[in-house]
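Each remark here refers to the structure printed beneath this line.
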Amino acid sequence: MFVYVIPTGLLRLPLAIFLGPKVRDRIPDWVITMPDLFEYLYDRKSKLAVAISMIPPVLYESALLTAGGQVIHYVTGVNIWVAMAVLGIIIVLYTSLSGMWGLAVTDLIQFAVMTVAAGFLAVGIVTAYGGLDEIWKSIAAVDPELLTPMGHNSPLEAFSWIIAAGALYANSQSYQRFGASKSGADVKVSYTLMLLFGMCFSAVMVLSGMVASVHFADAAAPSEGFWGLVFTVLPIGMRGLFVAALLAAVMSTVSADFLIDSTVIIHDIFKSFIKKNMTEQNVLIGTRIVIWCFGIGIVGATYFWQEGIDKAYYYIGGFQVAAFFIPLIFGLTYKKRTPLAGFLSVVLTVLFYFVWQFLLGAPFGIPTNVAAWIFSAIVYLIVSQLTYKPNSMEASEGNASGA
Amino acid sequence: MAERNEFLAKELTELERKKGKIAGYLALLVILIGLLLGFAFYKGMTALPIFLAIINILFGPVTLFFYFREVRKGIFKADQENE
């Protein structure tokens, strides 16, 4: 609660109030995707580096699909591979056929299902275990550290969670939504509302997790403990609603990322660098084909998350945030930004992330995202100082056309 | 025609300004709720789960209602005409 939910809500306010509206109002209409944004801020080399870096995190969708498949398996007894395949096909079908419009509609419906289910879960927890003081007493008897602001986190781990708030700053879904908004003012209102609600929704999930860790401590996996809690505190009809809520969350995220990543491959890589005269019709067909390829690919990739998905975002999605955050923020705010600083910051930080995380095993207890941000900032500032020429970025922005 | 366009532009700017003000109040509310949630969690306040339940149960359907109201006003019409 104290190292993630609340800091996340507060630290994302500048994105809602300043950066998001700036992106919406001041950046040209040809900037549609995150790679387009990097081309606008820097050059086409940076665009290509970012576009390629955005492809591996599609593996994170397989972790989400695993979560959804596990739920269907727990609830219905259906073979988990069949469950994941069916879920994957449904997501691919509506994403490929309806695109952004379909996403907007389904996201809203899925959002409503999630919020109502979470609300009833909070009621169910209080009904089953007594008021919060009773619940807190039972947690204190088993794991009192859970009730402290840091929980079981070291100061560095807590800091790592806090700066994970930066994930939304480098999340391509954010920029997808900024571009789709009517105006910067709309971005301000909708994003702050989202932050407000996000804290309340996440608070219910934190409360549920704390209760599950104490009352279902013998569960084979945290996810089983969580579902044990849901099926204990909710009546039968509400259980179905909660299952639908989780599946809704999975489908919402996976469909949005499918659309983004397929757009990256077709619009940002194929059309921008290989076949520049591609027609809009061909772009649409290509996007649909890529969505289907992703769908088949991630069902197979669920094999990697059989032991649990708790580290999935950190391993797979984390490097994208670590590599993009600094050049994105500096690109939007720093006057002395240069194309080479943006490009090298992205490329070298991706390499640094893999070395620090997988070869060195995050030495000295320094979480990889913390180390990567420090490295990225150092590279960026040094290169920009060495390569900055006054008026050079204004001239290059005038020439940038998204061609 | 030019006068009408100027009038519409002024109205739009006024609307943008109003939304900016609303966003400012919402940002203050985010900070306030964040601090209250932290305090309530730390103290184990009984009202917290009830508050969270009410917010969560209402927020989604209310958002859905306003969304469909925007759809009825024609928010997708411009996109469809362009297509």
Chain A contact via B:Leu37 - side chain, backbone, both or neither, heavy atoms under 4.5 Å: both
Should we say atom [atom1] of [X] is surrounded by more than 12 heavy atoms from elsewhere, each under 6.0 Å from it?
| X | atom1 | result |
| --- | --- | --- |
| A:Met278 | CE | yes |
| A:Tyr94 | OH | yes |
| B:Tyr25 | OH | no |
| A:Ile236 | CD1 | no |

Candidate pair A:Leu13 and B:Ile31, rule side chain to side chain contact (heavy atoms under 4.5 Å, CB included), full reasoning: CA-CA 9 Å; A:Leu13 274 173; B:Ile31 295 169; 3.7 Å; yes
What's the separation between atom [atom1] in [X] and atom [atom2] in [Y], rounded to the nearest 0.5 Å?
| X | Y | atom1 | atom2 | answer |
| --- | --- | --- | --- | --- |
| A:Leu10 | B:Ile33 | CG | CD1 | 11.5 Å |
| B:Ile55 | A:Thr115 | CD1 | OG1 | 11.0 Å |
| B:Glu70 | A:Leu108 | CD | CG | 11.0 Å |

Please give me the minimum heavy-atom distance between [X] and [Y], naming the atom from each residue.
| X | Y | value |
| --- | --- | --- |
| B:Ile57 | A:Gly119 | CG1-CA, 3.7 Å |
| B:Pro61 | A:Ala112 | N-CB, 4.3 Å |
| A:Ala122 | B:Pro49 | CB-O, 3.9 Å |
| B:Ala23 | A:Ile17 | O-CD1, 4.0 Å |
| A:Gly9 | B:Val30 | O-CG1, 3.9 Å |

With a 3.5 Å distance limit and no angle check, can you tell me whether A:Trp136 reaches the backbone of B:Phe41 through a side-chain donor-acceptor pair? yes
Could you pull out all residues at least two apart from [X] that satisfy ring-ring contact (aromatic ring centres under 6.0 Å, His included)?
| X | value |
| --- | --- |
| A:Tyr4 | A:Trp161 |
| A:His215 | A:Tyr129 |
| A:Tyr169 | A:Phe325 |

Who among B:Ile22, B:Leu64, B:Thr46, B:Val62 has the most heavy-atom pairs with chain A under 4.5 Å? B:Leu64
Of the listed B:Ala27, B:Ala40, B:Gly20, the one with the largest count of heavy-atom pairs under 4.5 Å with chain A is B:Ala27
Please rank A:Val204, A:Val206, A:Val123 by heavy-atom pairs under 4.5 Å with chain B and give me the top one.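 Option with the greatest count: A:Val204.
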Using non-hydrogen atoms only, which part of A:Leu207 is less than 4.5 Å away from chain B: side chain, backbone, both, or neither?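 It is both, since atoms from each part get that close.
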Please classify the contact between A:Lys137 and chain B as side chain, backbone, both or neither, with a heavy-atom cut-off of under 4.5 Å. neither
Contact residues of residues 185-201 of chain A (partner chain B; heavy-atom separation under 4.5 angstrom):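 Only A:Ala185, A:Asp186, A:Lys188, A:Val189, A:Thr192, A:Leu193, A:Leu195, A:Leu196, A:Phe197, A:Met199, A:Cys200, A:Phe201 of residues 185-201 of chain A have a heavy atom under 4.5 Å from chain B.
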